[in-house]
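Data first, discussion second: the structure below is written as C-alpha cells.
Proteins get letters first, then strands, A, B, ... in listed order; numbering begins at 1 in each.
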4 protein chains.
Amino acid sequence: MNIHSMNERSFSHCGLFTKPSIKGAVYYTLKGEKGEMDQGNAKYNRILDAAIKVFAEQGFYQATISQVAKEAGVADGTIYLYFKNKSDILSNFLSYKTRMVFDRFRQAVDNADNAEEKLKSLIGVHLADFQKDRDMAVVFQREALLARCIDEEDLRKIIKMYTDILEDILRQGQKEGTIRGDMHIGLAKRFILGAVNEIINTWVVTGKVAGGGELADMAGPLVDLYFKGIGKE
Amino acid sequence: MNIHSMNERSFSHCGLFTKPSIKGAVYYTLKGEKGEMDQGNAKYNRILDAAIKVFAEQGFYQATISQVAKEAGVADGTIYLYFKNKSDILSNFLSYKTRMVFDRFRQAVDNADNAEEKLKSLIGVHLADFQKDRDMAVVFQREALLARCIDEEDLRKIIKMYTDILEDILRQGQKEGTIRGDMHIGLAKRFILGAVNEIINTWVVTGKVAGGGELADMAGPLVDLYFKGIGKE
Amino acid sequence: MNIHSMNERSFSHCGLFTKPSIKGAVYYTLKGEKGEMDQGNAKYNRILDAAIKVFAEQGFYQATISQVAKEAGVADGTIYLYFKNKSDILSNFLSYKTRMVFDRFRQAVDNADNAEEKLKSLIGVHLADFQKDRDMAVVFQREALLARCIDEEDLRKIIKMYTDILEDILRQGQKEGTIRGDMHIGLAKRFILGAVNEIINTWVVTGKVAGGGELADMAGPLVDLYFKGIGKE
Amino acid sequence: MNIHSMNERSFSHCGLFTKPSIKGAVYYTLKGEKGEMDQGNAKYNRILDAAIKVFAEQGFYQATISQVAKEAGVADGTIYLYFKNKSDILSNFLSYKTRMVFDRFRQAVDNADNAEEKLKSLIGVHLADFQKDRDMAVVFQREALLARCIDEEDLRKIIKMYTDILEDILRQGQKEGTIRGDMHIGLAKRFILGAVNEIINTWVVTGKVAGGGELADMAGPLVDLYFKGIGKE
DNA sequence: CATGAATGAGAATTCATTCAT
DNA sequence: AATGAATGAATTCTCATTCAT
C-alpha cells in the first residue's frame, strides 16, 4: 500500500481547484514549522523539494527520477510511494504552490485600501515570494508552460486566477476614480501581468534585477509606470 | 560527407549571433522564391518546417525524429544529413527566425518617424508576424524557454536584441520630449516586452485575443496604454 | 524467529509427497473446525485463501503480494511470517490441496464396489469438488501448469497419483471382466483423466457445463462414454 | 517507422480470426522455403522462433525480452520493430500457429472418407505436428492457457474451432451409422479433445509417450478407444 | 545523397522482500 | 507477532543516432 490516496487530488485527475485540500500540500506548508510532523510527510516534502530543485536545474524532461531520488536521499522506488509518476510530482507542486501563492496574493490585496495600494501590495508580494525561492520561480515560469503533462485547462485557470484579482483591482480603481474608465480591461490585465512575468523571467535567466536591487523593490516603480505610463503627461 | 559544415554555426556551438550567415537560414529565407534553389535546400527547409510544426504540436521533448521525418516526407536518417541532432533543428530554427524577425522589426522601426510611431510599428509587426505563423509563435514562446538545448547565453542575446531596439526608441522619445525622462529605462523595456509576450501567450494558450479581434489590432491600444498608463491623468 | 520451519516442506524444496505432514496444511484442514486453533493458524489460512482467490482472478504472475495481503486483511510483511515467498504460497496450496483432494478421491473409490462404480464415484467427487471451489479449480487447472515455481517432478507426481488410482480401477475392472483386457492401460488412464480435465477447463473458461446442468452430473454420462465409447454397439 | 502495420492483426486488437492474412504469419510459413524472402521477414521469423524457444524453456512471464533478443541474435530494441510488446509476440505466434495448424487439421479431415478415418486422420496429424515441434507444443499447451495477455474470447474461439471440426465428424458418423446417436455430442467432443491434450501434456512434461513409441502412433489405439470404449462389450 | 532497419543506452516503473519499530 | 515504509534489482520499452546498402 502506498500513500497515493494522500495526493489523490493531483492536477491531472481532479481538476486544479475543485477540492479544498491536498494533504500533501498541507504537510508541505507545515515544513519546518511543526515538530510533530511525522516521517511520511517529511519524506513527501523532501521529495517534492528535491524534485523542484532538480527540475529547476535540469528542466523537467532532462531530470530523471534517479536524480530526484538521490537529491532527496531516498531510493528510486520510494518516489512512487508518494507520487503516481514523474508528472505527478510537478502537478502536485504546481497545485500546492498555486494555492499557497494565491492565498498570499489575496491577503496582500485584502490588506490594502485603495486600488493603487492593492496593486503595489500584490506585485510586491509576487516579486518577493518568487525571489525568496528561485527554484520555485524557475519551475513556475519555465517548466509549467512546457509541461504537457499539465492540463492546459489548469494552466488557463491559474492565469485566470491572477487576472481575476487584477480585474477586481482595476474595477475598484475605476470606481475610486483613480483608474481610467476608457480602457480595455482585458488588455490592461495582461499588460500588468506581462511586466511582472518579464521582470521575473529576466531575473531567472540573468540573475539580475533591472536597477540592481531586490526584485521586490521594483514593485513601486512598476506600479508607477502602470499608472502614469511612459508618456510625458 | 554531409551537409553539416553548413549548419556548423548552430546555437549551441558557436553562439547565436557571432557569425554572419547561416547557409540554412539563407536557403530558408529563399523558400519558394528562387527556381534555381537546389533539392538539398528545399529539403532542409521542408525538414525545418515540419519540425516546427511537430514541435509546436507535441512539444520539443515529446516530438520524435520519426514524426518530423514523416511530416517532412523524408527518411529518419535524412534529417541527420541536414542537422547535427534534434536540438540542432530547434537551434537552427531559432537562430534563423530570430534573425528574420529582427530584420523585420528593425525595418518596422526604421520606417516610422517618431518614438510613438516606431513603437506602434514594432509591436504591430511583432503581433502580426506571430499571428501569421502560430507554430513559430508556439515554439518561440514556449519551447525556446524550456529547451535546455539552447544556450542560456543565446537566449539572453535574443532578449537583449529586442530590448536594445526598445531602448533606442525610448531614448529617442525622451529626446523628442514625448517620453518621460524620469523613469527607469531598464524597467520600461521589460514593461513593454512583457505585455507583448503576455498577449501572445494568451493567444497561444487560449486561441483568443483580448477584445476578440486580430492580434495585430492590439498594437494601437497597447501603445496607448504604454504611454498613458492606466491612471486617470 | 518466524514460522517458516512450519512451511519448510514446500513443493520446491523438499518434494511434494515425501514428508507426512505439513503443519500449514493441517491448520488449513482444520479451518473453522476447532475453536482452540490459534491466531497464527487462522492467519495462515486467511492468507492462503486470499492468495488462491487473487491468483485465480489475476493469474499467479499478475497477482501481487500487496493484493494478497489486502484480500487477507494483513500487512504485506506478515505474509512472509507464514510463507517463504510468493511461490511458496502456491506450493503450499497445491501441496495441501493435492493431499486433501486425493484423500477424498481415495475415499470415493474405496466406498464403491466394482470398477464402474468406483470410476463413477471418483469422477463424481472430482467434478463436484472442483465445482464447489472455483478459485481452487482455476489455480489447479491453469496456474499449476504454468507456474515454473512448481517442480516438474512434483507435477508428475500429482498426475501419477491420479493415474495410479485409475490404474487400480482399470485392473480391477479387468479382473471383474467388465473392462477390456486388450487395451493399453497407460493410454486408457490418460484417456479418462483427459476428459475430466477438459470438462473442468471448459467450465473454468466458459463458466458453462456441456449440457447445462451441474458439473458433477456429467460423471454418469462420461463414465458411460468411457465404457461404451462413441461407437454404435 | 517500424514494421508494425505488418502485424496489425494481432490477437488482442482485431480479434483472432477476422482478418484474412497476417503478413508476418505468411512470411513465417515461408520460412526456409523461398530464397527470395527478404531480410525483414527473416528477422521477424527469427525473433518469433527465438521467442517460442525461450517461452517454452522459461515460461512466458519468466522469459525476458533480452533473452529473446539474445536468442534471436538481435538487439532488444529490434524486437519492438516487429512486435508491439512481449504479449504481441505470443499473440502473433498463437494466431499464426492456430491458423496453420487448423489448415492442416481441416485438410487431414477432408482427405479421409468416413467418420472413423477422419477422426484417425485428425488425431494423427495433431499428434504428429505437435511432436514435430516441441517448443510450439509447450507454448500451445501450457502458456496459451495462462497467458492473460490473450483474450479469453480468442481462447474460446481456438477451442471452438477444434470442437467444431469434431462435431462435424461426429454428426457424419451418426449419419453413417458408425457413431451412436444417443450420446451428448458436447460431452463427446470434450471427451475426444481431452484425451489428445492429456497425451500431449504427458509427453510435454515427461518427454515420454504412453507405450513408448511415437506420439502419432497413439492415434490408432486412441480412436479405437474412442469408438469401443474401455468396456467389455 | 537518401534510406530506414538496426542499435543499445537510458528512463520510468514495478514489486518481492526486508527490517526497524 | 505484526506492520508497512523503504528498498533497489530487474524489466519493459523508447528513440536519437548510425551505417550498410
**Study point:** Rounded distance (Å) that lies between atom P of F:dT3 and atom NZ of C:K70
**Key:** 15 Å

Check your understanding: Roughly how far, to the nearest 0.5 Å, is the CD atom of B:Q58 from the CD atom of B:E71?
Key -> 10.0 Å

**Study point:** Between C1' of E:dA2 and OH of B:Y44, the distance in whole Å
**Key:** 18 Å

Revision key, fill the gap. Given the options B:D88, B:V68, B:N85, B:I79 meets side-chain contact (heavy atoms from CB on, under 4.5 Å) only with B:V68

Check your understanding: Quick one: do the D:N45 and D:D49 side chains pair a donor with an acceptor below 3.5 Å?
Key -> no

Review point. Quick one: what's the B/S/- string for nucleotides 12-19 of chain F, heavy-atom cutoff under 4.0 Å, read 5' to 3'?
Key: SBBSSBB-

Check your understanding: So, is A:K43 near the phosphate of F:dA6, with a side-chain N or O under 4.0 Å from OP1 or OP2?
Key -> yes

Point to revise | Closest approach of A:V139 to A:A56 (non-hydrogen atoms, all atoms of both residues) | key: CG2-N, 3.9 Å

Check your understanding: Any donor and acceptor pair, going by atom type alone, linking the side chain of D:K43 with main-chain N or O of D:Y82 inside 3.5 Å?
Key -> no

**Study point:** Spacing of OH belonging to A:Y80 relative to CG belonging to A:D76, to within rounding of 0.5 Å
**Key:** 8.0 Å

Review point. CZ of C:F55 versus C1' of E:dC15: gap in Å, rounded?
Key: 13 Å

Check your understanding: Which sits closer to the 5' end of DNA chain E, B:V74 or D:A75, going by the nucleotide each is nearest to?
Key -> B:V74

Check your understanding: Between E:dA5 atom C1' and D:F83 atom CZ, what is the distance in whole Å?
Key -> 15 Å

Exercise for review: Grab the stems for DNA chain E, please: at least three consecutive Watson-Crick or wobble pairs, both distances below 3.5 Å, written as range with range.
Suggested key: E:2-21 with F:2-21

**Study point:** D:F83 and D:Y44 aromatic ring geometry - parallel, tilted or perpendicular at 30°/60° bounds
**Key:** parallel

Check your understanding: Under 3.5 Å, is there a donor-acceptor pair between the side chain of A:K86 and the main chain of A:F60?
Key -> yes

Check your understanding: Nearest-Å distance, CD (B:Q67) to P (E:dG4)?
Key -> 17 Å

Point to revise | Residue-phosphate contact under 4.0 Å: A:Y82 side-chain N/O, F:dA6 OP1/OP2 | key: yes

Review point. At what distance, to the nearest 0.5 angstrom, does CG of B:L90 lie from CG of B:L48?
Key: 9.5 Å

